[in-house]
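Report on the structure given below.
As the structure is a computational prediction, the values presented were derived from the model and not from experiment. In this chain, numbering begins with 1 at the start of the sequence shown.
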Amino acid sequence: MRPAIVESAHLQARDLDHGLELGNRSIDILLRVQTSQAKDYVREFNTALASWRGEPAVRDFIHRARKEIGVAA
């Protein structure tokens with residue numbers, strides 16, 4: 001789940017758009033192959049999004065993660 005690891009690095013660099021792009025790619029992968037470790041990465045990414053909770057794209061991502069792969073923030 002390399003995208004899930006790299007997405008957090010983009011957030012640390014304050015690159016929200018690229019981080020969310022990789023986050024969505026991670027969800028796409030998890031729709032086909034689900035592992036608890038990969039879900040943990042997405043869960044950690046959701047936590048890292050805390051400072052951007054007011055952004056519509058972040059709310060959409062968190063909603064998608066919850067609805068499609070069952071990962072809550």
Less than 4.5 Å apart, any side-chain heavy atom of [X] and any of [Y]?
{"X": "Ile62", "Y": "Phe45", "answer": "no"}
{"X": "Thr47", "Y": "Glu44", "answer": "no"}
{"X": "Arg59", "Y": "His63", "answer": "no"}

Without swapping roles, check the side chain of Lys39 against the backbone of Val71 for a donor-acceptor pair under 3.5 Å.
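No: the side chain of Lys39 does not pair with the backbone of Val71.
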
Who pairs with Arg64 by side-chain contact (heavy atoms from CB on, under 4.5 Å), at least two apart in sequence or on another chain?
Asn24, Ile27, Asp28, Leu31, Glu68

Heavy atoms only: give me the nearest [X]-[Y] pair and the separation to one decimal.
{"X": "Ala38", "Y": "Leu30", "value": "CB-CD2, 3.4 Å"}
{"X": "Arg53", "Y": "Val58", "value": "CA-CG1, 4.2 Å"}
{"X": "Leu20", "Y": "Ala57", "value": "CD1-CB, 3.7 Å"}

Can you list the residues that meet the salt bridge (Lys or Arg N to Asp or Glu O under 4.0 Å) rule with Asp60, with sequence neighbours excluded?
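None.
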
